[in-house]
Participant: 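Please read through the structure below; I'll follow up with questions.
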Protein chains: 2
Amino acid sequence: MTGKEQKPRVAWNPPFVTGYPLEERILLSHGAGGRKMHRLIREMFLARFGNRLLARLEDGAVFPMPRAQLCLTTDSYVVQPLFFPGGDIGKLAVSGTVNDLAVMGATPKFLSLSLVIREGMERRRLDLLCRSIARTARHAGVTIVTGDTKVIEHGPDELYINTTGLGLVRPGVKLGPELVRPDDVVLINGPIGEHEAAIAVARGQFRFRTRLRSDCTPLNRLIETALKAGGIRLMRDPTRGGLATTLNEFALATGLGIVIDEERLPISRPVQGVAELLGLDPLYMANEGKVVMIAAPQAEKRLLALLRRNPNGRQARRIGTVVRTPKGVWLRTRLGSLRPLIMLEGEQLPRIC
Amino acid sequence: MTGKEQKPRVAWNPPFVTGYPLEERILLSHGAGGRKMHRLIREMFLARFGNRLLARLEDGAVFPMPRAQLCLTTDSYVVQPLFFPGGDIGKLAVSGTVNDLAVMGATPKFLSLSLVIREGMERRRLDLLCRSIARTARHAGVTIVTGDTKVIEHGPDELYINTTGLGLVRPGVKLGPELVRPDDVVLINGPIGEHEAAIAVARGQFRFRTRLRSDCTPLNRLIETALKAGGIRLMRDPTRGGLATTLNEFALATGLGIVIDEERLPISRPVQGVAELLGLDPLYMANEGKVVMIAAPQAEKRLLALLRRNPNGRQARRIGTVVRTPKGVWLRTRLGSLRPLIMLEGEQLPRIC
């Protein structure tokens with residue numbers, strides 16, 4: 001996406017709201033279980049996410065499910081800042097969990113949403129995030145069926161979000177490290193490092209203007225189309241730890257080797273710039289709208305053609321190959337030598353998701 | 001439970017561990033997605049909660065489910081302090097979510113577990129909590145199938161936990177406000193206010209020694225037995241906001257009135273004492289091992305007999321009746337007059353769960 005859209009190059013403008021009176025803020029009593037919490041739930045959460053199940057305001061949501069393989073996944077989101085170019089903690093909390101379901105071969109159906117809010121948060125900021133959550137959920141086709149609100153007195157952060165997702169594994173879909181074979185291809189749907197670079201920019205570590213935006217988005221539609229085409233053996237979204245860590249997880253789980261071509265790696269110039277300035281390696285930078293697929297070699301063309309038809313897959317490409325030996329993950333450099341690519345040691349930027 | 005057990009009256013002794021070197025603490029890199037996080041997951045989480053699904057270390061857990069009504073519920077736990085008489089945040093995080101499933105008529109099956117840890121937390125303290133989570137999950141018969149770990153740099157609190165629970169609604173079980181009729185009875189499985197009182201004591205707001213312990217425990221086995229007996233119309237666990245708030249939720253949802261007999265209310269003397277000292281009302285104090293049931297009058301005897309056979313129901317009793325009028329919730333005082341019992345306004349103690 002980066003470098004493509006025609007949006008004006010204005011510095012990114014976070015929706016800060018200040019000086020609001022107490023009744024416009026979240027108070028401890030909003031988390032106490034009483035009348036104020038009930039009002040907040042009705043006025044904000046039901047207004048934004050309202051559906052038949054949520055509206056029952058019970059201790060949980062009950063719904064029928066067909067006999068099936070289900071997938072359950074959870075993530076807490078502690079990203080700082082809450083709003084960043086290309087997204088916010090709300091969009092991220094829906095996208096991240098939806099993507100975890102999608103790479104497991106599941107169609108995301110239901111989400112739970114749990115908020116830990118610091119007292120004093122402006123209701124308007126919370127509402128902006130709720131709108132973003134609702135919009136992203138609608139886009140991904142998931143329903144928020146149950147939730148929880150806690151309020152804490154103090155702390156450095158305004159909001160943490162947990163989303164837990166429940167999905168239906170498509171009948172006939174079989175994915176797993178045991179299916180991967182030497183000569184399988186490694187595909188990715190676009191350029192790497194955009195989310196982490198956007199967070200770095202949003203933290204104000206730079207004085208320059210940039211068009212960098214997080215790639216944060218739900219990928220379930222893209223992945224479902226690809227799954228229907230067949231040939232995919234294993235998928236994962238390279239979030240924390242980046243592409244290199246995900247590939248190491250693949251190598252560990254399959255017991256095979258993976259060789260990545262450096263010159264095929266899609267890295268945009270703004271990401272490269274941010275990475276160089278901060279001494280980060282794009283291979284280890286987090287993505288929130290990327291999927292790495294290992295697929296049968298004969299499926300490569302068909303899969304890439306399909307992926308490129310989706311706005312989130314325009315720059316899809318093969319980046320490497322599975323090999324019997326050497327084991328582990330290797331980068332074939334532009335000079336032709338092989339450099340080992342280990343799992344992330346230590347950290348890159350903290351609090352990126 | 002309070003006042004019954006023969007445990008020695010020692011002041012409660014929190015497991016504080018200090019002066020541990022860095023390698024014995026949680027670091028930001030444990031949340032970065034790389035090698036350190038993988039090691040922490042294997043050494044601590046798999047060691048404590050290990051099962052076939054979790055051990056796959058994938059982005060989610062896939063499992064088969066029969067065609068059924070499912071129940072999904074979520075809660076984040078921000079209780080302070082992390083360890084308190086009768087429990088800890090780990091035991092609470094499993095019990096609370098299990099109980100939310102149970103009162104919805106569901107058999108708890110799977111839990112997700114998401115931790116937000118402050119950098120510097122001693123591994124030993126985290127491990128104590130993981131053991132407690134594992135023990136409580138085993139007791140309740142639920143499996144932790146997927147999880148997430150985030151580490152934040154600073155903040156007043158060492159740990160927040162989110163658990164999301166998935167349960168199977170027992171075939172034939174039907175619960176709901178629409179089933180409640182005038183003359184139905186209101187039952188509870190024991191004395192109220194113990195959790196909130198124990199938290200107050202753990203915060204060191206008192207200089208006296210007390211036998212007070214939180215009632216925090218999974219109630220799913222107790223509730224399943226009661227459900228099999230039949231006659232239950234509606235259940236809820238009176239956590240934040242206490243018994244009075246739960247009854248108000250019942251009154252709102254049913255459109256009927258509820259009259260509670262003050263002299264039938266089970267309140268232990270230590271809870272009464274703490275409540276008086278802090279100016280709290282036990283009717284609004286949080287419970288974490290209680291369930292309020294509305295049941296058909298002809299089922300009362302059978303249900304109470306069953307409940308009393310379970311260690312968590314020894315002091316089960318009828319506390320009130322559903323009436324057509326007056327609407328709302330009323331307390332029949334010892335003098336015979338009716339006092340309105342509204343939903344919690346403002347808060348009692350913050351951060352009790």
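Computed from a predicted model, the values in this text were never measured in an experiment.
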Participant: Determine, step by step, whether B:T74 and A:L113 satisfy the side-chain contact (heavy atoms from CB on, under 4.5 Å) criterion, reporting the C-alpha distance in whole Å, the side-chain angles of both residues, the deciding distance to 0.1 Å, and the verdict.
Facilitator: CA-CA 7 Å; B:T74 191; A:L113 173 71; over 6 Å; no
Participant: With only heavy atoms counted, which part of A:A68 is less than 4.5 Å from chain B, the side chain, the backbone, both or neither?
Facilitator: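 A:A68 touches chain B through backbone heavy atoms alone.
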Participant: Applying side-chain contact (heavy atoms from CB on, under 4.5 Å) to B:L344 and A:R35, what does each step give before you reach the verdict?
Facilitator: CA-CA 6 Å; B:L344 176 63; A:R35 199 183 290 268; over 6 Å; no
Participant: Pair A:Q69, B:M65 - check side-chain contact (heavy atoms from CB on, under 4.5 Å), show working.
Facilitator: CA-CA 6 Å; A:Q69 296 276 115; B:M65 275 293 216; over 6 Å; no
Participant: With a 4.5 Å cut-off on heavy-atom pairs, point out which of A:H30, A:E153, A:K150, A:H154 contacts chain B the most.
Facilitator: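 When all of A:H30, A:E153, A:K150, A:H154 are compared, A:K150 has the most.
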Participant: With a 4.5 angstrom heavy-atom cut-off, which part of A:Y284 approaches chain B: side chain, backbone, both or neither?
Facilitator: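 Neither part.
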Participant: Specify which of B:M37, B:H38, B:Q348 makes the most heavy-atom pairs with chain A at under 4.5 Å.
Facilitator: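 Of the options given, most contacts go to B:H38.
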Participant: Could you have a look at A:G147, A:P350, A:G167, A:C71 and say which one has the most heavy-atom pairs with chain B under 4.5 angstrom?
Facilitator: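 Heavy-atom pairs under 4.5 Å are most numerous for A:C71.
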Participant: Name the member of B:P156, B:G155, B:A286, B:C353 that forms the most heavy-atom pairs with chain A at distances under 4.5 Å.
Facilitator: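 Between B:P156, B:G155, B:A286, B:C353, the count favours B:P156.
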Participant: Considering only distance and modelled atom types, tabulate donor-acceptor pairs under 3.5 Å from the side chains of residues 101-111 of chain B, sequence neighbours left out.
Facilitator:
none

Participant: So if I take each residue of residues 244-254 of chain B and look for any heavy atom under 4.5 Å from a heavy atom in chain A, which residues do I end up with?
Facilitator: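 If one takes a 4.5 Å heavy-atom cut-off, the residues of residues 244-254 of chain B near chain A are B:T245, B:E249.
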Participant: Please determine, among B:L72, B:V169, B:V62, the option with the most heavy-atom pairs under 4.5 Å with chain A.
Facilitator: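 Of the options given, most contacts go to B:L72.
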Participant: How long is the gap from CG on A:L175 to CD on B:E58, to the nearest 0.5 Å?
Facilitator: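 So the gap between those two atoms works out to 9.0 Å.
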Participant: Non-hydrogen atoms of chain B under 4.5 Å away: do they reach the side chain of A:L57, the backbone, both or neither?
Facilitator: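 Only the backbone of A:L57 comes within 4.5 Å of chain B.
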Participant: A:L28, A:I152, A:V116: which one forms the most heavy-atom pairs within less than 4.5 Å of chain B?
Facilitator: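 The option with the most such pairs is A:I152.
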Participant: Using a cut-off of under 4.5 Å for heavy-atom pairs, which of B:K36, B:E119, B:E345 has the most such pairs with chain A?
Facilitator: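 Sorted descending by pairs with chain A, the first entry is B:E345.
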Participant: Quick one: what part of A:R351 sits under 4.5 Å from any heavy atom of chain B, side chain, backbone, both or neither?
Facilitator: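 For A:R351, the side chain is the part near chain B, not the backbone.
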Participant: For chain A, which of B:L53, B:T146, B:L70 has the most heavy-atom pairs under 4.5 Å?
Facilitator: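 When all of B:L53, B:T146, B:L70 are compared, B:L70 has the most.
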Participant: Which of these, A:T73, A:D100, A:T97, A:D75, sits in a side chain to side chain contact (heavy atoms under 4.5 Å, CB included) with B:D148?
Facilitator: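 Exactly one option meets the side chain to side chain contact (heavy atoms under 4.5 Å, CB included) with B:D148, and it is A:D75.
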Participant: If I measure from the heavy atoms of chain B, does A:T149 come under 4.5 Å with its side chain, its backbone, both, or neither?
Facilitator: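 For A:T149, the backbone is the part near chain B, not the side chain.
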Participant: Let's test your reading of the structure: which of B:S29, B:P177, B:S76, B:S114 forms the most heavy-atom pairs below 4.5 Å with chain A?
Facilitator: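 When all of B:S29, B:P177, B:S76, B:S114 are compared, B:S76 has the most.
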Participant: Name the region of A:P66, side chain, backbone, both or neither, that has any atom closer than 4.5 Å to a heavy atom of chain B.
Facilitator: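 For A:P66, the backbone is the part near chain B, not the side chain.
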Participant: Among the options A:R67, A:R56, A:Q80, pick out the one with the most heavy-atom pairs lying under 4.5 Å from chain B.
Facilitator: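 Of A:R67, A:R56, A:Q80, A:R67 has the most heavy-atom pairs under 4.5 Å with chain B.
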Participant: Using heavy-atom distances under 4.5 Å, tell me whether A:N99 contacts chain B through its side chain, its backbone, both, or neither.
Facilitator: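 No part of it gets close to chain B.
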